[in-house]
Amino acid sequence: MTIKLDFEECLKDSPRFRSAIEGVECDVSELETRLDKLVKLCSGMVETGRQYCTNSKLFVNGIRELSQTSGDDTMLNESLERFSSGLNKMTDSHKDLLETTQDSCRLHLQTLIKEDIKKFKDTRKDFDKSSESLEAALQHNAEVPRKKQHEVDEASGALQTARKAFRDKALDYVLEINSIQSKKKFEILQFMLSFMEAQFCYFQQGYLALQELEKYRQDLAAQLHQLVLETAREKRDMEQRHIVIKQKDLSHDDAMIEFRADAPNGIVMEGYLFKRASNAFKTWSRRWFSIQNNQLVYQKKLKDSLTVVVEDLRLCTVKPCHDCERRFCFEVVSPSKSCLLQADSEKYHQAWISAVQNSIATAFSESREDNTSMRLERPSFMSAATMDSGSPRESMDKRALDQIQRIHGNAQCCDCKEPAPEWASINLGITLCIECSGIHRSLGVHFSKVRSLTLDSWEPELIKLMCELGNSTINRIYEARIDEMTIKKPNPSSTRSEKELWIRAKYVQKQFINKLPEAGTRPTRNLRRRSRGNAVDRPIARPTDRPPKPPLKPKPGSLSRISGPGSSVTGSNSSLSSTGSARETPDEEREVEDLRNLHPGALLYHAVSLQCLPTMADAVAHGADVNWMNSAEENRTPLIQAVNANSLVACEFLLQNTASVNQADSGGRGPLHHATILGHTGLACLFLKRGANINSRDVDGKDPLSIAIENANADIVTLLRLAKMREADVELGQSGDETYLDIFRDFSMMASDNPEKLNRRSYDLKLSTL
């Protein structure tokens, strides 16, 4: 420790001591000023350095983001990534340098200012105070008269006390002066040493980071030199090509768009066409059209999503439009809409028409090849129904058109009388032409579900449903008042807008059905349901048993007349006939008479028990809720009633008209429960295909599988176990085996063609569970 002042000298309190103190005080004051300035400069440097590091980070991130614009250029991506990584390391080292500098400044310089210099100032105040007290005691002691002995004694005592206090404070002050003189030296030196060590680490880490990139930097410099040479050659070649193409006369160029069936990217045709909008202004806009994946699509910009004009080219036709005021126009007609397009020239006009026609032919050819290959690769699983009947599944789709068109009235479109319709509405049970089918499709599936008779596959239960209804039956319901209203029905030559107005008025607004009479026109008896094939009688819902939320709020009362010509109550197996040819018993006449005042939901429920599809269609047309619950019979729905009647066709009709396959009765049993209890395998298969919940339990806690095992119904047990396996596959993200669908299809055909074979009981089940 360096001794600035001597302790013996302070006891003398000589002018030399006072002068030395003044010099020390000036030095400490100057030290404090310079330290304050240095701390502020250090803080400014650290703050500026942090901003520099932040901006450096942003700059490096910008370099890294620049690599995203290079696409698949590996050389550029790698160089930018590696260099930005090295710069990031150096920036991190700089941040460490700044943090170390700030910590060292805080530890050494600020501590010296806030603690040591502050303590020095406090000690100096005590020294000055004791010095003033000693000076006052000396002055008082000198002024005391000699004759006043008591004052002399008192002044001498005070002087001695003041001198002792001064000596203590003077010694403490000298100690503090010597301490701060020594401490300022090593604190400043430690700060500088720490700062220089941080600088050394910073530059050393930067050097190492650059050293790691040195080999790569040299290799990249060589590659860059070669790249400059290659770019110069490519630029020269491109300039020569530019001159050649610029001198070429393109006014009579025969190169034009053409149909490419084997295009590697799947786009067999593309180019600009004008498209007329379907709005009221009929504006024309130029879009980039293409034919790809058997679809006609267009877009305005490449980044825009594709707009589909025709979803399946097999469902459309193309023809030139000579009556349009614009030149080179042609029209693409599909079931859903018609699109008017315009080419730029006659060559393009012919090319596009030819391309669409070739695409249609190619789509049909690929469809036939796919079907052939699927039949060749199909697993060798054949059901008993298929083997016994001798008619494979594929032939069913081919027979669907002929079988459905033989129904009375189905040889013509239900709405415009176009001959040979090839489309159908499966929930209405009618056949349609291609233009009317497009209008039906635009109504939405809650009004009409459109399917092709030639292109789509048909389930056997759906074919039976179409055969139970037909155009004549449905028109007697939806066109019951057309004669008295003197409304002209559209014909095949009518415009699309005329047909659309007619179809919406007929099926959406239901302007031509017989209106319901006012409520309370006549009382009704307590009806009893007569189950087909047995003598079980049960009371059915009265007209007051309405659904909680009827969809169309129909009024209670009679529907259109049930029997006689023009009636809607018909059916192949029903004693009620639409032609009036079947004789009705007195009980049946009374039952029909009572049906007139039923609520539409109750009428639907009763018609299901009679398995009378036309009456069911009539009830639905008058707003019957297909999920109506009969409170008189445990809240059973029409679908559950169809299960009790073992009517596959009635169940299919209700499901196609949005009946819930999982709505349960008051006992917690849904349609699948009832089908399992009664052993109706075909219905159980139908409900499983339509998404029935196989894990639902009734009030007794039984699910359909446990019920099927109790009843020893091997076929239903097989179906339910297959459904559970498929459900487990789906939960695991697997698509499942195609055999599942084959088995369900075979069960469906067996239930339709040979239902008596679906009656295996306990012996087969025991064998299968061993």
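- Considering only heavy atoms from C-beta on, Glu422 stays 4.5 Å or farther from Ile434 through its side chain.
- Side-chain atoms of Val626 and Val620, non-hydrogen and from C-beta on, do get closer than 4.5 Å to each other.
- Looking at Ser494 and Asn491, their side chains come closer than 4.5 Å, going by heavy atoms from C-beta outward.
- Minimum interatomic distance between Gly691 and Asn662 (heavy atoms only, all atoms of both residues): O-ND2, 3.6 Å.
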| said: side chain to side chain contact (heavy atoms under 4.5 Å, CB included), that's the test. Do Ile426 and Leu465 meet it? Break it down for me. | reply: CA-CA 8 Å; Ile426 56 178; Leu465 172 61; 5.7 Å; no

| field | Full working for side chain to side chain contact (heavy atoms under 4.5 Å, CB included) between Leu273 and Tyr298 | value | CA-CA 9 Å; Leu273 290 172; Tyr298 72 88; over 6 Å; no

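- Minimum interatomic distance between Phe687 and Cys651 (heavy atoms only, all atoms of both residues): CZ-SG, 3.9 Å.
- Within the 3.5 Å criterion, the main-chain N or O of Trp288 finds no donor-acceptor partner in the side chain of Glu270.
- Residues Phe83 and Ile63 are not in side-chain contact: their nearest non-hydrogen atoms beyond the backbone lie 4.5 Å or more apart.
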| request: Take Val297 and Gln292, measure what side chain to side chain contact (heavy atoms under 4.5 Å, CB included) needs, and give me the verdict at the end. | output: CA-CA 8 Å; Val297 298; Gln292 52 182 294; 3.7 Å; yes

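- For the pair Trp458/Leu453, a side-chain contact is recorded, criterion being any heavy-atom separation below 4.5 Å from C-beta on.
- Ser354 places no side-chain N or O within 3.5 Å of a backbone atom of Ala351 that could act as its donor or acceptor partner.
- The minimum heavy-atom distance linking Gly429 with Met466 is given by the pair CA-SD, 3.6 Å.
- A distance of 13.5 Å separates CD1 in Ile513 from CD1 in Ile482, rounded to the nearest 0.5 Å.
- Separating the CG atom in Leu469 from the CD1 atom in Ile407 is a distance of 9.5 Å, to the nearest 0.5 Å.
- Heavy-atom contacts from other residues, nucleotides or ligands closer than 6.0 Å to CZ of Arg327 number 12 or fewer.
- In this structure, the side chain of Asn294 does not engage the main chain of Asp312 through any donor-acceptor pair within 3.5 Å.
- Within the 4.5 Å cutoff, the side chain of Val333 has heavy atoms near those of the Ser338 side chain.
- At least one donor-acceptor pair under 3.5 Å links the side chain of Ser79 to the backbone N or O of Met75.
- Panel note: side chain Gln295, backbone Glu311; a donor-acceptor pair is recorded below 3.5 Å.
- Taking 4.0 Å as the cut-off between side-chain N and carboxylate O, Lys499 and Glu418 do not count as a salt-bridged pair.
- Residues Pro490 and Asp415 have side chains not in contact (no heavy-atom distance under 4.5 Å, counting atoms from C-beta outward).
- A donor-acceptor distance shorter than 3.5 angstrom exists from the side chain of Gln299 to the backbone of Asp304, with no hydrogens or angles considered.
- Taking both residues in full, the closest heavy atoms of Ser472 and His408 are given as OG-CD2, 3.0 Å, listed atom of the first, atom of the second, then distance.
- Looking at every heavy atom in both residues, Val332 comes nearest to Cys316 through CG1-SG, 4.1 Å.
- In terms of modelled atom types and a separation under 3.5 Å, the side chain of Gln663 and the main chain of Asn627 share a donor-acceptor contact.
- Between Glu652 and Lys464 there is no salt bridge, since no side-chain nitrogen of the basic residue lies less than 4.0 Å from a carboxylate oxygen of the acidic one.
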| task | For the pair Arg276 and Cys321, evaluate side chain to side chain contact (heavy atoms under 4.5 Å, CB included) and give the outcome as yes or no after the intermediate values. | result | CA-CA 13 Å; Arg276 192 178 72 174; Cys321 291; over 6 Å; no

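- With hydrogens and angles disregarded, a donor-acceptor distance shorter than 3.5 Å links the side chain of His349 to the backbone of Cys329.
- We find the CG-CZ distance between Asp344 and Arg286 to be 5.0 Å, quoted to the nearest 0.5 Å.
- For the atom pair OG1 (Thr681) and CG (Leu686), the distance works out to 12.5 Å, reported to the nearest 0.5 Å.
- A salt bridge links Lys489 to Glu479: one of the charged nitrogens lies within less than 4.0 Å of a carboxylate oxygen.
- Checked by atom type and distance alone, the side chain of Asn410 pairs as donor or acceptor with a backbone atom of Ile404 at under 3.5 Å.
- Remark: Arg287 pairs with no residue by the salt bridge (Lys or Arg N to Asp or Glu O under 4.0 Å) rule, at least two apart or across chains.
- Under the 3.5 Å distance criterion, with hydrogens and angles disregarded, no donor-acceptor pair is assigned to the side chains of Asn471 and Lys417.
- For Lys488, the NZ atom counts as loosely surrounded, since its 6.0 Å shell holds 12 or fewer non-hydrogen atoms of other residues, nucleotides or ligands.
- Relative orientation of the Phe330 and Trp352 rings is parallel, given thresholds of 30° and 60° on the angle between their planes.
- A distance of 8.0 Å separates OG in Ser442 from CD1 in Ile503, rounded to the nearest 0.5 Å.
- Side-chain rings of Phe512 and Trp502 approach one another, their centers coming within less than 6.0 Å.
- Rounding to the nearest 0.5 Å places CD1 of Ile430 at 10.5 Å from OG of Ser437.
- Enclosure of atom NE2 in His446 by more than 12 non-hydrogen atoms of other residues, nucleotides or ligands within 6.0 angstrom is indicated.
- Considering only heavy atoms from C-beta on, Leu672 comes within 4.5 Å of Leu720 through its side chain.
- Of all non-hydrogen atoms in Pro671 and Ser660, the two that sit nearest each other are CG-O, 4.4 Å.
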